Amino acid sequence: MVKNILLITLSVVTLASMNTVYAETPQQILDNYRTQAKTEVANFKDFSATNGETFFKNTHGSDWSCATCHTSNPLKQGKHASTSKAIDPLSPNANAKRFTEPAKVEKWFKRNCKDVLKRECTTLEKGDVMAYLMALKP
Amino acid sequence: MRKLHKFLVLGLLATALTSLGVFQAYADDDEDEKQEYSEHKGDKGRGEHGEKGEAKNLGVKLTNETWKTECSACHMAYPPGLLPAASWQALMGDLPNHFGTDASLDDQVMKEILPFLTENAASERRQETNKDGKPMLRITETQWFKKEHDEISAATWKSDKVKSASNCLACHTTAEQGNFDEDNVKIPR
């Protein structure tokens, strides 16, 4: 019986630690973009929250900006521009679920950048936007 | 003493399962309705819409978590029974141009969702084509949809609480459960 208990305890610990591998922190995701940017951008130093904010709030040749749906305060709830469906706050400082899954982050950058810029975003653009969202104070 | 052991093992098992559940939900998505959706019960079969001139249950008790998560990210997850298979195939085949937005999905997710849609789709008899002879993609442009809603005034469609015919939930209060029964319709005034 003691063996059983040990076995179960062990599996709990193992499973719990396995799961944390999937979920990353926004900082880890940003760090990966930083590593990538260094190989893509000449003289790259770091991402800029200021540039990120400008990028986020401006339009880029289409009707929509990032702020159209996510509002100009990404600490607040947004609303989909076509369907009016509520969008949870985008800043990880207001919504702990944001920027914890690299695949999901990439999926939405790809989709939303196509909607806003008619192309995919560069690593620099993604990192700047993330730096902006992570710098916001609730 | 044996009882105590049993109790301990059960407790640990419960902890294991709970922690797994919590982590998975965290790693999974921001769709909080998931649980509620899959727990929905009591709907009968997949049924056909408009068979006797009334909205039937569209059978999303045959739910698919991936469908629910992905298709409800920007709008309500429209039940598979609202379109025939050829329409779903055409729609899912052009997700990067999904009614004006990019809704692209990776191949793996597509493999999980498309069969669920086509297998539970509306009957072939309801297949409609648009002017170009291609499968109808907009549920709200199908003949049966128009017929079902022919008593709705233009003012209601345009009202602030409805705004768009794609906004099922404005009137069909149980649409997210796949239930379009008229008893649950409340037209906002």
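Here the structure is a predicted model, which means the values were calculated and not measured.
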How about A:K57: does its NZ atom have over 12 heavy atoms from other parts shown lying under 6.0 Å from it? yes
Geometric class of the A:Y33/A:F109 ring pair [parallel <30°, tilted 30-60°, perpendicular >60°]: perpendicular
A:F55 and A:H60 aromatic ring geometry - parallel, tilted or perpendicular at 30°/60° bounds: tilted
Sort B:S164 into side chain, backbone, both or neither according to what part of it lies under 4.5 angstrom from a heavy atom of chain A. neither
Answer key: most heavy-atom pairs under 4.5 Å with chain B among A:I87, A:D115, A:N112 is A:D115
On the 0 to 90° scale, with breaks at 30° and 60°, tag the B:H149-B:H172 ring pair as parallel, tilted or perpendicular. perpendicular
In terms of heavy-atom proximity below 4.5 Å to chain A, should B:S166 be classed as side chain, backbone, both, or neither? neither
